[in-house]
Amino acid sequence: MPPKAKSKTVFVCSACGREHLRWSGQCAQCGEWNTINEEVRTAPSAAQSAVARTAFRAQPLSDITADNSHRYRTGLGELDRVLGGGLVKGSVVLLGGDPGIGKSTILLQICEEICKQIAVLYISGEESPHQLKLRADRLCVQSPNLRVLCETDVLAICEHIRAEKPGMVIVDSIQTMQAEDIPSSPGSVTQVRESTHALQRVAKQLDIPIFLVGHVNKDGNIAGPKVLEHIVDAVLYFEGERHLSYRILRAVKNRFGSTNEIGVFEMSGHGLQEVENPSMMLIGGRPKGVSGSCVACVMEGSRPILAEVQGLVAPTGFGNPRRMTNGVDGNRLAMLIAVLEKRAGYFFGNMDTYINVIGGLKLDEPSTDLSVALALVSGLKDLPVPSEALVFGEIGLGGELRAVAQCEQRVREAARLGFAKCVLPKQNLRGLPKSLKSDIAIIGAQNVRDAVGALIGDII
Ligand code: TYD
Ligand code: MG
C-alpha cells in the first residue's frame with residue numbers, strides 16, 4: 001500500500017497568491033483586504049512522484065523542427081498577428097479582459113475557420129449549450145466540427161479531451177474550473193492553478209492548442225495568482241471602453257512572438273470585425289479649422305498608429321484650475337504645462353485644461369509630448385493646428401525636442417494617409433532618407449517654440 005499523502009493547511013491571498021502561515025484580514029504583500037482564504041494542500045505521495053519521473057527522455061535540440069507549419073490560422077488576421085503569426089500547436093493561451101468585452105465572442109467566432117482545419121471542443125463552465133447555440137447563430141458559426149461541453153470538473157474534462165482527441169480546446173473560463181480532489185472553492189488560487197496545470201499537461205501531451213478565458217479583477221489583472229501567467233505560453237488582454245465599440249487585443253506575454261503587437265477590433269451586431277487600418281478610424285471625422293486638435297503618431301509594436309489629441313483650455317471658475325486628462329498621463333500634462341510656461345511663455349495659471357485622446361486610446365509614449373503641447377497652445381490661443389499636419393517628439397524640461405525611435409516608419413504612415421506636413425525633432429532629420437521628402441514636407445524643430453512657430457505661427 002502506498003504511504004498516505006501528507007496534507008497541510010495554508011492561507012493564500014486570492015489577489016496576489018502570497019502564502020501566509022495564519023489567516024489575517026489584510027494581505028502582507030498586496031495590501032488587499034479579505035482576500036486570504038484557507039486551503040488544504042496534499043503533497044504527492046512518493047509512488048506518484050516516481051511514476052512521473054520515469055517518463056523522462058531528452059532529445060538533441062538539432063533534431064527538433066521549428067517550422068511555421070505548426071501554426072493554425074484563426075481567420076482573424078489581427079488575432080493571428082498578436083499571436084505571432086497564428087496559433088501554435090501545443091500552446092496554452094490565456095485571454096483576459098473585463099466582463100462583456102467580447103472574450104467568449106472572439107473565441108466562438110474563430111471556431112468557424114479553425115473547424116475547417118481541425119475539430120474544436122468548446123468547454124463552457126458559464127453558459128448552457130442553449131446560450132452557446134444562440135450566440136453561435138448570431139455569429140454564423142455552424143460547423144459540425146465544433147463540439148460543446150458544459151462541464152466544470154477539470155479532471156473529467158482532461159479525461160474527455162484525451163478520449164475525444166480534438167484538434168483544439170477552448171475553456172471558458174478557467175475560474176469556473178474545479179478539481180474535485182482539492183478542497184477549495186472554484187476560482188480560488190489553488191483551484192485555478194491546478195486546473196491550469198492539468199490542462200497545460202494535456203496540451204503538451206496531445207500537442208493541441210488550448211485557449212483559456214481568464215477573468216480580471218478590479219485592478220485589471222487576471223483574477224487569481226500571478227503564477228497563472230507564468231504557466232501559460234501566451235497572455236492576451238482584451239481592452240477597450242465598454243461604451244465604445246472598439247476593442248484592442250494586446251499580448252503581454254508571448255513565447256512564440258512579439259509582445260508589442262496589438263489587434264484592433266470593432267464590436268458589431270455579428271460579432272467582432274477586424275479594423276485593418278486603425279489610424280483611419282481614429283483620425284476620421286476630425287473637425288477642420290477648430291483649435292485644440294493635433295494628430296500624434298505612436299508605435300504599437302511594429303505598426304505606427306495615428307491618433308488625435310484634443311486640448312481644451314478655458315478660464316477657470318474656481319481658485320485652483322482643473323487639469324484633466326483622458327488617454328495621457330496627468331503628471332505628464334502637469335510637466336508639459338510647466339515647460340510651456342517657463343520655456344515658451346504660454347501661461348495656463350488661470351485656465352482649466354482638458355486633454356482627450358479620441359477613440360479611448362491610451363498614449364503612454366513620450367513621443368506624444370509635442371502633440372499634447374501643440375493641442376494646449378492651440379487651445380489657449382484659439383488658433384488651429386493645420387489639419388494636414390502631424391507632429392511627434394519628446395519634450396525635455398529645457399523645452400528642447402528629443403529624438404524618437406522608428407521615425408521613418410511614422411513619417412511613411414503619415415505620408416500614406418495623405419498628411420502634407422510633419423514636424424519632428426531636428427535630430428531625427430539626419431536618419432531620414434531623401435526620397436521621403438518628395439511625399440511630405442518634413443520640418444525639423446529644435447524646441448517646442450520652433451514647432452509652435454512652424455504650425456500655429458503665434459510666437460510670443
Ligand atoms: P462576451 O463575449 O459575452 O463577453 P465576455 O465573454 O468577455 O464576458 O461579450 C458579449 C458582449 O458583446 C455583450 O455585451 C453583447 C455584445 N455582442 C455584440 O454586440 N454583438 C455580437 O454579435 C455578440 C455575440 C455580442
Ligand atoms: Mg464570456
Side-chain angles (χ1 to χ4, degrees), residues 74-79 82-83 87 92-115 120-143 146-152 154 157 168-178 186-187 191-192 195-196 199 209-224 228-229 232 234-252 262-275 278 281 359-360:
T74 61
L76 288 175
E78 296 283 300
L79 176 61
V82 175
L83 286 169
L87 185 59
V92 181
V93 181
L94 180 65
L95 175 65
D98 288 333
I101 197 95
K103 302 181 290 297
S104 310
T105 306
I106 194 170
L107 292 181
L108 193 56
Q109 213 173 325
I110 60 171
C111 287
E112 184 68 16
E113 179 63 31
I114 292 185
C115 281
V120 177
L121 176 65
Y122 190 111
I123 299 162
S124 180
E126 296 187 345
E127 288 164 297
S128 66
H130 179 70
Q131 282 171 308
L132 283 173
K133 176 72 183 156
L134 285 178
R135 174 170 307 139
D137 282 349
R138 199 164 159 193
L139 299 172
C140 306
V141 176
Q142 294 147 342
S143 175
L146 171 65
R147 298 165 71 86
V148 297
L149 173 70
C150 295
E151 177 59 67
T152 57
V154 76
I157 288 172
M168 182 180 107
V169 177
I170 294 169
V171 179
D172 188 0
S173 65
I174 191 68
Q175 275 84 10
T176 54
M177 294 297 134
Q178 171 174 32
Q191 287 287 9
V192 169
S195 304
T196 313
L199 289 164
I210 298 191
F211 263 112
L212 305 177
V213 171
H215 291 173
V216 298
N217 57 25
K218 62 180 189 301
D219 302 327
N221 297 319
I222 292 188
L228 193 60
E229 299 193 6
V232 299
V235 181
L236 313 183
Y237 271 97
F238 229 153
E239 302 170 355
E241 302 283 326
R242 203 86 81 104
H243 46 273
L244 294 172
S245 56
Y246 301 115
R247 307 275 187 267
I248 293 177
L249 187 66
R250 199 183 285 280
V252 292
I262 63 161
V264 185
F265 298 90
E266 185 177 2
M267 184 62 97
S268 73
H270 299 284
L272 289 153
Q273 309 290 329
E274 295 173 74
V275 178
M281 161 200 108

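Computed from a prediction, not measured in an experiment: that's the story for all the values here. Numbers here simply count residues along the sequence, with the first being 1. Both ligands and their constituent atoms are indexed starting at 1 by order of listing.
For ligand 1, the 4.0 Å heavy-atom shell contains residues D98, P99, G100, I101, G102, K103, S104, T105, R135, R138, L139, M267, S268, G269, H270, G271.
Taking the side chain as every heavy atom from C-beta outward, K103 and D172 never approach each other to under 4.5 Å. Between E113 and T74 the shortest side-chain heavy-atom distance does not fall below 4.5 Å. Looking only at side-chain heavy atoms (C-beta outward), F265 and E274 come within less than 4.5 Å of each other. With contacts defined as side-chain heavy-atom distances shorter than 4.5 Å, the pair V171/I157 does not qualify.
Shortest non-hydrogen contact noted between L236 and L83 is CD1-CD2, 4.0 Å.
Among I262, L79, I101, V264, the one residue that satisfies the side-chain contact (heavy atoms from CB on, under 4.5 Å) test with L249 is L79.
The Mg ion (ligand 2) lies under 2.8 Å from an N, O or S atom belonging to S104.
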